[in-house]
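To keep things clear, I will list the structure first and then write my remarks on it.
Values in this document were obtained by computation on a predicted structure and should not be read as measured data. Chain letters run A, B, ... following the sequence lines, proteins first, then strands; residues in each count from 1.
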There are 2 protein chains.
Amino acid sequence: MSEALQKDDASIRASRERFVALWGQMGSNWGIPRTMAEVHALLFIRGKPMNTDEVMDALDISRGNASMTLRNLVDWGIVQRVHRRGDRKEYFEAEQDVWKLFRTILRERKRREIDPLIHQLRECRAGGSADTDVQENDESAAAHNARLEELLSFLALVDLMCQEILQPGEGSTDAMELAARFMERDT
Amino acid sequence: MSEALQKDDASIRASRERFVALWGQMGSNWGIPRTMAEVHALLFIRGKPMNTDEVMDALDISRGNASMTLRNLVDWGIVQRVHRRGDRKEYFEAEQDVWKLFRTILRERKRREIDPLIHQLRECRAGGSADTDVQENDESAAAHNARLEELLSFLALVDLMCQEILQPGEGSTDAMELAARFMERDT
DNA sequence: CACCGTTTTCAGAAAATTTTGAAACAAATA
DNA sequence: TATTTGTTTCAAAATTTTCTGAAAACGGTG
């Protein structure tokens with residue numbers, strides 16, 4: 001039996017490593033530093049709190065890197081600090097509910113990237129000149145503004161959808177319900 | 001009047017530049033090379049076909065960079081090549097329909113990133129050992145697999161939503177309808 | 001085929017991003 | 001307070017990504 005267990009352990013360890021690499025790759029595709037995604041993957045797949053040294057060892061990264069990365073993850077709200085009585089070290093634990101994880105990331109990216117984009121885009125609308133009366137060459141101005149408006153109205157929609165998904169009432173249990181509502185075709 | 005027009009032109013030019021910079025920034029937040037996003041922004045906001053030299057001049061980039069970036073945009077399907085009779089140069093024109101643009105990007109990122117992720121994640125499930133009978137230490141194996149399964153089922157949902165949005169029947173006009181369906185609360 | 005205008009390629013250069021590691025800091029203990 | 005353990009910071013180094021530019025390839029024309 002101990003043999004079977006060992007083999008099982010090895011296969012889990014292999015699976016973990018593969019997952020960490022995969023998640024890291026995925027992160028860097030979406031503008032998240034590879035190491036940050038890897039640290040998150042490690043904490044997620046382990047499912048138990050780990051301290052800085054354990055993370056350093058598992059991923060073979062420096063203390064400084066581990067420290068900053070963990071802090072970032074905590075700032076993002078997808079990893080939490082955990083303290084253990086009688087242990088001076090700090091431990092870190094990843095959110096285990098995938099839907100909650102997704103919503104946290106969505107909330108944060110909306111706040112940091114989408115909202116500022118919308119605001120800046122609004123300020124970008126040429127000069128604010130409501131002069132729709134100037135003619136001739138002005139065709140281009142009208143078209144230019146129309147393009148910005150179209151973009152803004154699309155972003156308003158995205159904003160609305162985010163709000164819907166992030167609605168505080170929406171518990172993790174309701175994920176499927178939300179999806180079902182979305183998916184429902186009017187046949 | 002010529003004065004007013006000049007002022008208007010200047011303000012549009014300023015607005016364009018601001019937009020290009022903004023879009024470039026946004027792109028790099030989401031894992032798209034800044035220049036690629038900028039070239040796209042330029043073509044989009046200009047709304048008319050431009051050739052390689054015009055793009056090079058407008059963004060102050062090298063010929064090689066412009067060439068590769070434009071090709072990439074064409075590969076992504078959000079920019080199209082346009083030919084003009086009597087002109088040997090190639091021109092490039094960006095998709096003007098924002099909803100169509102969004103769907104094209106979604107389709108492409110799904111194909112290139114989400115689908116492969118799902119496949120690899122499936123292969124990642126430890127050893128494929130369906131041995132749910134081994135006990136003791138095995139608690140961790142069960143939990144490990146459960147985590148991967150939860151992730152996979154979330155991704156299956158994402159996949160389904162993408163399919164829904166990308167449904168060929170869904171014309172650009174139906175964007176709002178789709179959104180409305182999503183937004184509709186059961187009050 | 002030789003020429004000319006245009007586009008593509010890709011090795012090396014440049015720039016941007018990420019990581020390291022050692023010093024500074026903080027907090028608990030003796 | 002000095003010591004010990006653990007965490008954070010940040011300038012410099014390493015790495016990764018992106019860009020350049022000159023050469024090669026392309027594709028009509030004469």
* Measure from NZ or CZ of A/Arg34 to the centre of the six-membered ring of A/Trp23 and say whether it is under 6.0 Å with the direction within 45° of the ring axis. => no
* **A/Cys162 versus A/Lys110, closest heavy-atom pair with distance** => CB-CD, 3.4 Å
* Is the shortest side-chain N to carboxylate O distance from B/Arg112 to B/Glu108 below 4.0 Å? -> yes
* What class does the angle between the rings of B/Trp99 and B/Phe102 fall in, given that below 30° is parallel, 30 to 60° is tilted and above 60° is perpendicular? -> tilted
* Do A/Arg18 and B/Glu123 meet the salt-bridge criterion of a basic N to acidic O distance under 4.0 Å? -> yes
* Does any donor atom in the side chain of A/Glu149 or A/Asn145 lie under 3.5 Å from an acceptor atom in the other side chain? -> no
* **Close residues, residues 62-77 of chain A, relative to DNA chain C [heavy-atom separation under 4.0 Å]** => A/Ser62, A/Gly64, A/Asn65
* Asked: Does A/Arg109 make a cation-pi contact with B/Trp30, if we ask for NZ or CZ under 6.0 Å from the ring centre and within 45° of the axis?
  -> yes
* Please find the earliest and latest nucleotides of DNA chain D, in the 5' to 3' direction, that have an atom within less than 4.0 Å of any heavy atom of chain A. => D/dT4 to D/dC10
* Treating Ile, Leu, Val, Met, Phe, Trp and Tyr as nodes and any side-chain heavy-atom pair under 4.5 angstrom as an edge, say whether B/Leu101 and A/Leu148 lie in one connected cluster. => no
* Asked: B/Ser67 side chain to B/Arg63 main-chain N or O, any donor-acceptor pair under 3.5 Å?
  -> no
* Asked: Between B/Phe44 and B/Phe19, what is the ring plane arrangement, given parallel below 30°, perpendicular above 60°, and tilted in between?
  -> tilted
* DNA chain D-proximal residues of residues 79-90 of chain A, any heavy atom under 4.0 Å -> A/Arg81, A/Arg88, A/Lys89, A/Glu90
